[in-house]
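In what follows, chains are A, B, ... by sequence order, proteins preceding strands, each numbered from 1.
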Amino acid sequence: MSDPPQIPYRFERSHTVAHVVEEFSGLQAGVTTETRVSVSGRLMLRRDQGRIAFGTLQDASGRVQLFATASATPDFERFTTLSIGDWIGVDGVVMTTRRGELSVRVDSWVTLARTRRQFPDKWHGLTDPDTRYRRRYLDLWVSEEARTVFTRRSAILSGLRRRLDAQGFMEVETPMLHPIPGGAAAKPFVTRHEALDADLYLRVAPELYLKRLVVGGMERVYEIGRVFRNEGLSTRHNPEFTMLELYQAYADHGDIMELTENLVAGVAGEVCGSTTVVYGGREIDFAAPWRRLTMEQAIAECSGLEVSLDSPPTELRDCCERLGIAVDASWGPGKMLLEIYEKAAEPNLWGPVFVTDYPAEVSPLSRNHRSRPGYTERFEGIAAGRELCNAFTELTDPDEQRSRFEAQAALRAGGDDEAMAVDEDYLRALEYGLPPTGGLGIGVDRLTMLLCDTHAIRDALLFPTLRPDPSL
RNA sequence: GCGCCUCUAGCUCAAUUCGGCAGAGCAACGGACUCUUAAUCCGCAGGUUCUGGGUUCGAGUCCCAGGGGGCGUACCA
């Protein structure tokens, strides 16, 4: 074997593999065209045959066979020493073999990168989840399913953006470093800014900044971005995940429900080819309109329990205890009702369904229900037993918001490190006037899971959070 | 955090209920082959069995501690 040739600085490609396959799909067996193409990618299989050799070239779009011969292929001997996983660029005519396999004849070729490490088994690929996540760059080459999920995730993101842009929403970017964590009940990550000599928190939600923008006259805004929550990892939780939040001035929860069901159904139809998708072997149809159930109705339907905020507190407490929920002394009826719902109803709601009318006690940022005291105009969209989105008619009154914050701060003082703090700056913004506004948050990773039929959030994230590898 | 399971060659996996020489396929390496399709055939090489202790004449296997991972649970509006 001769020395490796100089690696070029660029390679001019005329076709992707898929483009070649598409353009020449009808070619009969044993035909050599006069069309020259240049393609590039990794050599994923090689079948040497003496004075001819076959290879399988894979690029981002697919696979095509390479056909090399001692007479037509320069450096044929060296070609047959390429390793599986080597990057090459190939130039040659499009042809079919006697058996009819579409191929590119290797009339010239160049090494673009060599792999110094051996690729996984060409048939079994990678099965160890840890290796798949830690070396995603390998997983992407050997696992078709992984490529499909991330291609689809990208389509979901652009589909969401396109639809919102078309409805007059403006995409914005708000700070990820917050002086006061807020916008969701979650434990934040703390970091430190040296020059400011201040602790800052990685955002748990962009909500309070986006609503400041509505105060500022941005009537329809959205942000798609990472949020960070310092909580446990599970099949459904990653410490950093992607949230879509949007706010629409002059809209209420009803408008947001319509927007949500149309947005999700539209993206599902576009990305999956149908609003009906199969998740875990069971169909789920995202076509609008989705069912609406109040929290009490959801509880009653799933468990037969007749409870509400008007139930005597002792009854709510008994109900919690029967369900195995450890009731904290600080819980009011709203928190108990929510816990009952989450334990007895939510996992059993296949949906998609909007569960509406959340207690004010557990909804510090949403506006009081126009006709049901103690409740808010908040809803969550549930699909496959899990929260897909959270939305409400926004609380606009600064005095009411202050008292909600203070209730949260009291919980915080009592040791609840997920409760919110009083955000004076946000209150000042409200004092300048927030018009009636509807808001929505969608978990993009959860949506991806639903539309890709994956059951672990790690499979919907390119690089899920893992413990640092102690062997490195 | 807690419980259960798991970790063997680059990858995928073996290694007899009950402790007895650590193996195969693919990849790699050397060779044969002008139409293969996970090519085939011949040959060669490949190991801190996650780490550290312990029991034993003898440990991949049993015990203890630690590490990684998976699942469940808790937490996560």
Just checking [X]: base, sugar-phosphate only, or nothing, at a heavy-atom cut-off of under 4.0 Å?
X      : result
A:M420 : base
A:Y341 : nothing
A:R51  : base
A:P364 : base
A:A53  : nothing

Nearest nucleotide by nearest heavy atom, which residue falls closer to the 5' end of RNA chain B, A:M95 or A:R378? A:M95
First of A:T96 and A:Y133 reached from the 5' end of RNA chain B, by closest nucleotide: A:T96
Could you give the distance separating [M] and [N] at their [atom1] atoms, to the nearest angstrom?
N      : M      : atom1 : answer
B:rC7  : B:rC50 : C1'   : 6 Å
B:rG72 : B:rC18 : C1'   : 31 Å
B:rU56 : B:rG69 : P     : 35 Å
B:rA15 : B:rU6  : P     : 13 Å
B:rA9  : B:rU49 : C1'   : 10 Å
B:rC57 : B:rA45 : C1'   : 33 Å
B:rA27 : B:rC71 : C1'   : 31 Å
B:rC62 : B:rC29 : C1'   : 39 Å

Can you check whether A:R458 has a side-chain N or O nearer than 4.0 Å to OP1 or OP2 of B:rC71? yes
Separation of [N] [atom2] from [X] [atom1] (nearest whole Å):
X      : N      : atom1 : atom2 : answer
A:D130 : B:rG70 : CG    : P     : 6 Å
A:L66  : B:rC35 : CG    : P     : 18 Å
A:F79  : B:rU34 : CZ    : P     : 17 Å
A:R236 : B:rA74 : CZ    : P     : 10 Å
A:I325 : B:rA74 : CD1   : P     : 10 Å
A:E231 : B:rU73 : CD    : C1'   : 16 Å
A:L43  : B:rA38 : CG    : P     : 15 Å
A:D86  : B:rA27 : CG    : P     : 14 Å

Pairing of A:E296 and A:R372 as salt bridge, 4.0 angstrom limit: yes
Close side-chain approach of A:K211 and A:L434, heavy atoms under 4.5 Å: yes
Within-4.5 Å side-chain heavy-atom neighbours: A:W109 and A:L82: yes
Between A:K122 and A:M44, does a side chain to side chain contact (heavy atoms under 4.5 Å, CB included) hold up when you go through it step by step? CA-CA 8 Å; A:K122 63 190 175 190; A:M44 295 303 281; over 6 Å; no
Without hydrogens or angle criteria, can the side chains of A:N238 and A:R458 be said to hold a donor-acceptor pair below 3.5 Å? no
Quick one about A:T56 and A:R63 (side-chain donor to acceptor, distance below 3.5 Å, no hydrogens or angles considered), yes or no? no
Inspect the surroundings of CZ in A:R135 and state if more than 12 heavy atoms from other residues, nucleotides or ligands are less than 6.0 Å away. no
Heavy atoms from other residues, nucleotides or ligands near CD of A:E406 exceed 12 (cutoff 6.0 Å): yes
Using only heavy-atom distances, decide whether a donor-acceptor pair under 3.5 angstrom links the side-chain of A:Q65 to the base of B:rU36. yes
No-H, no-angle donor-acceptor pair, A:T97 side chain to B:rU36 base, under 3.5 Å: yes
Between A:Y209 and A:H178, what is the ring plane arrangement, given parallel below 30°, perpendicular above 60°, and tilted in between? tilted
Look at the rings of A:F79 and A:F76 and say which category their plane angle falls in: under 30° parallel, 30 to 60° tilted, over 60° perpendicular. parallel
Can you tell which of B:rG69, B:rA28, B:rU36 lies closest to the side chain of A:R99? B:rU36
Check nucleotides 9-15 of chain B for protein N or O atoms closer than 3.5 Å to its own N or O atoms and list the pairs.
| unit_1 | atom_1 | unit_2 | atom_2 | d |
| --- | --- | --- | --- | --- |
| B:rC11 | O2' | A:D121 | N | 3.1 |
| B:rC11 | O2' | A:G125 | O | 2.8 |
| B:rU12 | OP1 | A:T127 | N | 3.0 |
| B:rU12 | OP1 | A:T127 | OG1 | 3.3 |
| B:rU12 | OP1 | A:D128 | N | 3.3 |
| B:rU12 | O3' | A:T127 | OG1 | 3.4 |

Are [X] and [Y] an aromatic pair by the rule of ring centers under 6.0 Å?
X      : Y      : answer
A:F354 : A:H253 : no
A:W141 : A:F119 : no
A:Y375 : A:Y358 : no

Under 3.5 Å, which N/O atoms of the protein pair with N/O atoms of nucleotides 39-46 of chain B?
| unit_1 | atom_1 | unit_2 | atom_2 | d |
| --- | --- | --- | --- | --- |
| B:rA39 | OP1 | A:K122 | NZ | 2.5 |
| B:rA39 | OP2 | A:R47 | NH1 | 2.9 |
| B:rA39 | N7 | A:D48 | O | 3.1 |
| B:rA39 | N6 | A:D48 | O | 2.7 |
| B:rA39 | N1 | A:Q49 | NE2 | 3.2 |

Hey, where does RNA chain B pair up into stems, meaning at least three consecutive Watson-Crick or G-U pairs with distances under 3.5 Å? B:1-7 with B:67-73, B:10-13 with B:23-26, B:29-32 with B:40-43, B:50-54 with B:62-66
Can you tell me how far the OH atom of A:Y137 sits from the CG atom of A:L462, to the nearest 0.5 Å? 13.5 Å
